[in-house]
Undergrad: 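Below: one structure in structure tokens.
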Amino acid sequence: MPVGSSGVEISRLGQGGYELGPEPHETPDVARAVQVIRAAIDGGINWLDTSENYLVTHNEEVIGAALTRVGNDELLIASKVAPGAGVTGGGSGFRREQVHAACRGSLERLGRDHLDLYFLHWPDDTGVPLEETWGAMAELVESGLVRAIGMSNYSLEEVAHCHAQRRVDAVQIGLSLIDYLENRSDITAWGDDGIAVTIFEPLGSGILTGRTIEQVRAIWTGPWVESPFYKRLLGPGNGEKSFAVADALRPIAQRLHATVAQVAIAWVLHQPGVSAAIAGSRSDRHTHENAVAAGLDLPDDVLKELDGLVPLGPAFA
């Protein structure tokens with residue numbers, strides 16, 4: 001799929017980098033990252049998504065080390081600059097010089113001479129003018145350090161504001177059968193404007209994968225339990241609604257000879273305006289299974305049936 005008019009072409013499924021770790025208590029597992037990346041490539045995935053914010057930049061380090069073993073030109077790389085510290089790590093900031101330094105830091109950790117796609121990770125709340133930040137992003141393209149630029153977690157109005165200053169090549173936003181459903185009209189509008197829309201969390205933070213509610217809750221522990229996403233999808237009452245959708249997906253997936261995750265991803269990819277989705281895994285087997293979802297056809301009657309599951313979820317609580 002084209003990323004705006006940048007010349008960058010991405011596969012309909014991208015490999016999520018966050019899951020490659022390392023979490024704070026872990027030793028970096030580069031060998032596992034190599035296995036997952038190779039499975040992604042074998043499955044037809046041609047890009048990987050990460051951020052300087054993921055695991056205090058260590059995620060980029062693991063990916064960079066893995067790419068030296070796989071081949072640095074095997075995948076397109078998308079990364080992000082963050083305005084400050086988030087749950088999963090730090091951020092360089094959104095002043096012009098900070099954005100430039102962040103990009104160079106990501107390139108060094110990833111072992112690349114350019115990024116194929118570079119996003120603003122989320123909106124700044126410290127008073128840095130968006131025009132300054134977006135101008136710095138445009139300068140990175142002009143200097144050849146970045147091929148395409150985008151915005152993650154921004155509103156329709158904010159994207160339009162930047163688009164008038166310098167074309168927005170891509171937007172990254174959430175969507176799944178159980179979450180971020182209010183984004184669908186914005187996604188359609190961006191697609192109509194020729195902006196590539198890449199989707200995070202198509203599997204609802206692991207809920208739409210065939211796991212049990214206990215297994216998913218065991219993954220999201222510590223500070224995540226107090227996060228808005230956990231309360232929205234896995235908190236008391238809402239967790240049961242999320243898994244009502246997941247359970248209803250099972251017979252549909254069986255009829256299609258597919259997995260629950262494949263059907264959930266395919267539904268996202270069938271939504272108007274969506275260019276690609278991002279799915280991460282620590283398993284090479286699951287990575288390859290997820291890649292199959294990019295080619296899974298959902299007939300109109302199945303799409304209608306899936307749309308009928310949406311009201312079961314926590315978004316309609």
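Note: hydrogens, waters and symmetry copies are ignored here, and every other heavy atom, side chains too, is used.
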Undergrad: Would you say L130 ends up clustered with F94 if hydrophobic residues are merged whenever their side chains have heavy atoms under 4.5 Å apart, either directly or through other cluster members?
TA: yes

Undergrad: Verify whether one side chain among D169 and S6 offers a donor that lies under 3.5 Å from an acceptor in the other.
TA: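 Note: D169 and S6 side chains miss the donor-acceptor criterion.
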
Undergrad: Would you say that F229 contacts W220 through its side chain, given a criterion of any heavy-atom pair below 4.5 Å between the two side chains?
TA: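 Counting from C-beta outward, F229 and W220 do come under 4.5 Å.
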
Undergrad: How does the hydrophobic cluster around F200 look, that is, which other residues are in it when side-chain heavy atoms under 4.5 Å mark a link?
TA: Y180

Undergrad: If you link ILVMFWY side chains whenever their heavy atoms are less than 4.5 Å apart, which other residues fall into the same cluster as L76? By chain and number, please.
TA: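 Via sub-4.5 Å side-chain contacts, L76 links to M1, V3, V8, I10, W47, L117, F119, I278.
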
Undergrad: Quick one about W267 and D307 (side-chain donor to acceptor, distance below 3.5 Å, no hydrogens or angles considered), yes or no?
TA: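 A donor-acceptor contact under 3.5 Å links the two side chains.
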
Undergrad: To the nearest 0.5 Å, what is the distance between OG (S205) and CG (L234)?
TA: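 With rounding to 0.5 Å, OG (S205) is 7.0 Å from CG (L234).
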
Undergrad: Would you give the length of the straight line joining atom CD of Q35 to atom CG of L20, rounded to the nearest 0.5 angstrom?
TA: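 Rounded to the nearest 0.5 Å, the CD-CG separation comes to 11.0 Å.
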
Undergrad: Would you give the length of the straight line joining atom CG of L203 to atom NE2 of H286, rounded to the nearest 0.5 angstrom?
TA: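 Interatomic distance, L203 CG to H286 NE2, rounded to 0.5 Å: 11.0 Å.
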
Undergrad: Of all residues at least two apart in sequence or in a different chain, which pass the side chain to side chain contact (heavy atoms under 4.5 Å, CB included) check with D297?
TA: H270, P299

Undergrad: Answer with yes or no whether the hydrophobic clustering places V62 together with V36; edges join I, L, V, M, F, W, Y residues whose side-chain heavy atoms lie under 4.5 Å apart.
TA: no

Undergrad: Using salt bridge (charged side-chain N to carboxylate O under 4.0 Å, His left out) as the criterion, list what pairs up with E240, not counting sequence neighbours.
TA: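 R217.
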
Undergrad: Is it the case that the side chain of H163 and the backbone of V168 share a donor-acceptor pair, with hydrogens and angles ignored and the cut-off at 3.5 Å?
TA: yes

Undergrad: So L67 and I77, do their side chains get closer than 4.5 Å, heavy atoms only?
TA: yes

Undergrad: Holding to side chain to side chain contact (heavy atoms under 4.5 Å, CB included), I want the full list of residues that pass it with P129, two or more places apart in sequence or in another chain.
TA: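 P129 satisfies side chain to side chain contact (heavy atoms under 4.5 Å, CB included) with R95, E131, E132 once adjacent residues are dropped.
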
Undergrad: V292 and L306: same hydrophobic cluster, using ILVMFWY side-chain contacts below 4.5 Å?
TA: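 No, separate clusters.
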
Undergrad: Between S275 and V197, is there a donor-acceptor pair closer than 3.5 Å when you use the side chain of the first and the backbone of the second?
TA: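 Answer holds: yes.
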
Undergrad: According to salt bridge (charged side-chain N to carboxylate O under 4.0 Å, His left out), who are the partners of E74, at least two apart in sequence or on a separate chain?
TA: none

Undergrad: Which distance, rounded to the nearest 0.5 Å, do you find between the OH of Y154 and the CH2 of W190?
TA: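 The OH atom of Y154 sits 12.0 Å away from the CH2 atom of W190.
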
Undergrad: Under 3.5 Å, is there a donor-acceptor pair between the H121 and S51 side chains?
TA: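 On atom types as modelled, these side chains qualify, holding a pair under 3.5 Å.
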
Undergrad: Verify, without hydrogens or angle tests, whether T57 (side chain) and N53 (backbone) share a donor-acceptor contact under 3.5 angstrom.
TA: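 Not a single qualifying donor-acceptor pair exists.
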
Undergrad: Applying salt bridge (charged side-chain N to carboxylate O under 4.0 Å, His left out), which residue pairs with at least one partner in residues 140-157 are found, sequence neighbours left out?
TA: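 As it turns out, the salt bridge (charged side-chain N to carboxylate O under 4.0 Å, His left out) pairs with a partner in residues 140-157, which skip direct neighbours, are D116-R147.
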
Undergrad: Tell me, please, which residues at least two apart from T287 pass side chain to side chain donor-acceptor pair (under 3.5 Å).
TA: none

Undergrad: Report the residues that fulfil salt bridge (charged side-chain N to carboxylate O under 4.0 Å, His left out) with R255, sequence neighbours left out, ordered by chain and then residue number.
TA: E305

Undergrad: Could you list the residues that satisfy ring pair (Phe, Tyr, Trp, His ring centres under 6.0 Å) with Y230, not counting sequence neighbours?
TA: none

Undergrad: Return the CD to CG distance between E23 and N59, rounded to the nearest 0.5 Å.
TA: 9.5 Å

Undergrad: Quick one: do L145 and L120 end up in the same hydrophobic cluster if we chain Ile, Leu, Val, Met, Phe, Trp and Tyr together by side-chain heavy atoms under 4.5 Å apart?
TA: yes

Undergrad: Quick check for you: to the nearest 0.5 Å, what is the distance between L208 atom CG and I178 atom CD1?
TA: 4.5 Å

Undergrad: Might you point out which heavy atoms bring H114 and G144 nearest each other, and give the distance in Å?
TA: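 In this case the closest contact between H114 and G144 is CB-O, 3.7 Å.
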
Undergrad: With salt bridge (charged side-chain N to carboxylate O under 4.0 Å, His left out) as the rule and sequence neighbours excluded, what pairs involving residues 45-71 come up?
TA: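 As it turns out, the salt bridge (charged side-chain N to carboxylate O under 4.0 Å, His left out) pairs with a partner in residues 45-71, which skip direct neighbours, are D49-K80, E60-R109.
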
Undergrad: Where the side chain of N238 meets the backbone of R232, is there a donor-acceptor pair that is under 3.5 Å apart?
TA: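 Yes.
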
Undergrad: Check the pair I207 / L233 against side-chain contact (heavy atoms from CB on, under 4.5 Å), numbers first and verdict last.
TA: CA-CA 9 Å; I207 291 168; L233 298 184; 3.8 Å; yes

Undergrad: For R104, what residues pass the salt bridge (charged side-chain N to carboxylate O under 4.0 Å, His left out) criterion, not counting sequence neighbours?
TA: none

